[in-house]
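Right, one structure below, let's go through it.
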Protein chains: 2
Amino acid sequence: MGVQQRVGLNVRRFRKERGLSQEGLAFECGIHRTYISGVERGIRNPTVVILEEIAMALKVPTWRLLEDLPDKSKG
Amino acid sequence: MGVQQRVGLNVRRFRKERGLSQEGLAFECGIHRTYISGVERGIRNPTVVILEEIAMALKVPTWRLLEDLPDKSKG
DNA sequence: GTGTGACTGCTAGTCCGTG
DNA sequence: ACACGGACTAGCAGTCACA
């Protein structure tokens, strides 16, 4: 599990918690929807500035996007 | 206080806690020393992959590099 | 509403040298 | 051991057409 995948999973989770579509989130943080898509799929390697933009739109602290998942495939 | 400054301060703090020089840290994470310098000064906008590289060399969770400072200019 | 490959402009990241 | 600048290469930011 790379850091990009972790970020992607977190973005997707927080986005769904807020009931937003990728397009809605893209609009709120001023980033293209296909880029959001790439981040969520873990194929993009965003900078900390982009991370902060997304986190602000998601209304979560930036560092939460890097957090490890709490109970996904836990052992 | 931008996210880059926050990252820079955290990197510097954890590096000093580990008693490493910038060159030492640069060697341990395989990143150029001048780049580490730029990150610490907050003039660079590193990617999450770079963040993870630095965090691993610092032996701290990646998200800690984005954490807000505990008692610096606290109100 | 989302996934994906390709594309261009710009910056992330490297390397050399100075104080 | 660190700050800072210039030049360079690899890769990211930002966008589109198509499925």
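Residue numbering restarts at 1 for every chain, and letters A, B, ... go by the order of the sequence lines.
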Between B/G24 and B/T47, whichever has its closest DNA chain D nucleotide further toward 5' is B/G24

### Task
Would you kindly confirm whether B/V49 and B/L58 end up in one hydrophobic cluster when ILVMFWY residues are joined by side chain heavy atoms under 4.5 Å apart?
yes

Are B/C29 and B/I36 packed together at the side-chain level, in the sense that at least one heavy-atom pair is separated by less than 4.5 angstrom? yes

query = Okay, side chain of A/Q4, backbone of A/R44: is any donor-acceptor separation there less than 3.5 Å?
reply = yes

Applying the Watson-Crick and G-U criteria (both distances under 3.5 angstrom) with [ ] for crossing and | for other-strand pairs, one obtains for DNA chain D .||||||||||||||||||

Checking side chain to side chain donor-acceptor pair (under 3.5 Å) for the pair B/R33/B/S37: CA distance, chi angles, key distance, verdict? CA-CA 6 Å; B/R33 70 169 183 84; B/S37 171; over 6 Å; no

On a heavy-atom basis, the closest approach of A/A55 and A/T62 is CB-CA, 3.6 Å

Whole-Å distance, B/Q22 CD to D/dC4 P, equals 11 Å

In numerical order, the residues of residues 51-62 of chain A whose heavy atoms come under 4.0 Å of DNA chain D are none

Are the side chain of A/Q5 and the backbone N or O of A/G42 linked by a donor-acceptor pair below 3.5 Å?
yes

Are A/E52 and B/R6 close enough for a salt bridge, meaning some N to O gap below 4.0 Å? yes

Separation of D/dT9 atom C1' from B/H32 atom NE2, nearest Å, is 13 Å

Whole-Å distance, B/R44 CZ to D/dC4 C1', equals 11 Å

B/R15 vs D/dC2: side-chain N/O to OP1/OP2 distance below 4.0 Å: yes

Q.
Check whether B/R15 reaches the backbone of B/L20 with its side chain - one donor and one acceptor, N or O, closer than 3.5 Å.
A. yes

Note: chain B reaches DNA chain C at heavy-atom distances under 4.0 Å over the stretch, first to last nt, 5' to 3', of C/dA12 to C/dG17

NA contact type, A/E23, heavy-atom cut-off 4.0 Å: base, sugar-phosphate, or nothing? base

Looking across every strand, which nucleic acid part, if any, lies under 4.0 Å from A/I50 by heavy atom: base, sugar-phosphate, or nothing?
sugar-phosphate

Taking every heavy atom of A/V60 against every heavy atom of A/L65, the minimum-distance pair comes out as CG2-CD2, 4.2 Å

- request: Report which part of the nucleic acid A/S37 touches: base, sugar-phosphate, or nothing (heavy-atom distance under 4.0 Å, all strands).
  value: base

Min side-chain heavy-atom separation B/I50-B/T47 under 4.5 Å:
yes

For A/E28 and A/A57, the nearest pair of non-hydrogen atoms, with its separation, is OE1-O, 3.7 Å

By nearest-nucleotide position on DNA chain C, the 5'-leaning member of B/I43 and B/T34 is B/I43

Would you say B/R33 places a side-chain N or O within less than 4.0 Å of OP1 or OP2 belonging to D/dA1? no

Taken to the nearest whole Å, CD1/A/I31 to C1'/D/dG14 is 10 Å

